[in-house]
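Computation of the quantities below employed the complete heavy-atom set of this structure, encompassing side-chain atoms and omitting hydrogens, waters and symmetry-equivalent molecules.
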Amino acid sequence: MHYSYAITVDPSDVVSDPLTYEIRLGAGTITRLQIFFPDGTGLCTRCIFVSEGKQLAPTNPDGYYSLDGGVVDASLWHNMDDTTNLFYLVAWNVGGVYSHTLNVLIDVKGVDEPDVYNIMERFRDTMDRLIDLMRSVF
């Protein structure tokens, strides 16, 4: 499942009073977070991804994402079955005079989707066993 959000950060959204955008997702596991920063932000627009009072991305507690015309591509593995499905994108502007729209894409692996990594591991184990069998016969 893929979720997409367009979040506009105004110049009035400052670090002392940031924009807190609520994101509710379905069940499953978050596997990827992408944040697209438009050209011209001048590194003035900053954001973090938060759940239950914990900063999930970036993982360093004092960090934030801020780019000018770039894309943040963060791999995550956050199981929403064990925790909540309520998240927040907290964004603020530092010295900017224009509003900027961040495009946020979140990939969620549903509980009914196959685990590709697990399937590949099983295939590799099967191939190793077949190779060992062939070596023992010949």
Report whether Ile23 and Val108 are members of the same hydrophobic cluster (ILVMFWY, side-chain heavy atoms less than 4.5 Å apart, transitive linking).
-> yes
So how far is it from Ser4 OG to Leu105 CG, rounded to the nearest 0.5 Å?
-> 4.5 Å
In this structure, CH2 of Trp92 is separated from CG of Leu19 (nearest 0.5 Å) by 11.0 Å
What distance do Asp13 atom CG and Ser99 atom OG have between them, rounded to the nearest 0.5 Å?
-> 8.0 Å
Specify the closest pair of heavy atoms between Pro11 and Gly96, including all atoms of both residues, with the distance to one decimal.
-> CB-O, 3.5 Å
Treat each ILVMFWY residue as a node, draw an edge where side-chain heavy atoms are under 4.5 Å apart, and state whether Leu89 and Leu56 are in one component.
-> yes
Would you say the side chain of Leu67 lies within less than 4.5 Å of the side chain of Val72, judging by non-hydrogen atoms?
-> yes
Taking the side chain as every heavy atom from C-beta outward, state whether Tyr88 and Tyr21 have any pair of such atoms under 4.5 Å apart.
-> no
Determine whether the side chains of Thr31 and Asp107 contain a donor N or O and an acceptor N or O closer than 3.5 Å.
-> no
Side-chain donor-acceptor pair present, His78, Thr83, cut-off under 3.5 Å = yes
Separation between OH of Tyr65 and OG1 of Thr45, rounded to the nearest 0.5 Å | 16.0 Å
Any link between Phe36 and Ile7 through a network of hydrophobic side chains (Ile, Leu, Val, Met, Phe, Trp, Tyr) touching at under 4.5 Å?
-> no
Of all the heavy-atom pairs spanning Ser66 and Cys44, show the shortest one and how long it is.
-> OG-N, 4.3 Å
Tyr3 side chain reached by Val104 side chain, heavy atoms, under 4.5 Å | no
Could you tell me which non-hydrogen atom of Asn103 sits nearest to which non-hydrogen atom of Ala6, and how far apart they are?
-> OD1-CB, 3.6 Å
If you draw a 6.0 Å radius around OH in Tyr64, do more than 12 non-hydrogen atoms from other residues or ligands fall strictly inside?
-> no
Any idea which heavy atoms bring Ile35 and Cys47 closest together, and the distance?
-> CD1-SG, 3.8 Å
State, yes or no, whether a side-chain contact exists between Leu102 and Phe37 at a heavy-atom distance under 4.5 Å.
-> yes
So CE of Met120 and CE of Met127: to nearest 0.5 Å the spacing works out to 12.5 Å
Does a side-chain heavy-atom distance below 4.5 Å link Pro38 with His100?
-> yes
Could you check Leu86 against Ser51 for side-chain contact (heavy atoms from CB on, under 4.5 Å), going step by step and ending with a plain yes or no?
-> CA-CA 7 Å; Leu86 177 62; Ser51 174; over 6 Å; no
Answer yes or no: are there more than 12 heavy-atom neighbours, outside Tyr5 itself, under 6.0 Å from its atom OH?
-> yes
Step by step, work out the side-chain contact (heavy atoms from CB on, under 4.5 Å) result for Leu133 and Arg129.
-> CA-CA 6 Å; Leu133 177 66; Arg129 277 191 239 125; over 6 Å; no
Hey, does Ile131 have a side-chain heavy atom less than 4.5 Å from the side chain of Met134?
-> no
Non-hydrogen side-chain atoms of Thr8 and Asp10 separated by less than 4.5 Å = yes
Does a side-chain heavy-atom distance below 4.5 Å link Ile30 with Leu25?
-> yes
Looking only at heavy atoms, the pair that brings Gln55 and Asn60 closest together is NE2-O, 3.1 Å
Does Gly40 offer a backbone N or O that forms a donor-acceptor pair with the side chain of Asp68 under 3.5 Å?
-> yes
So which heavy atom on Ala27 is nearest to which on Asp81, and how close?
-> CB-OD1, 3.8 Å
Roughly how far apart are Ile106 CD1 and Met1 CE, rounded to 0.5 Å?
-> 12.5 Å
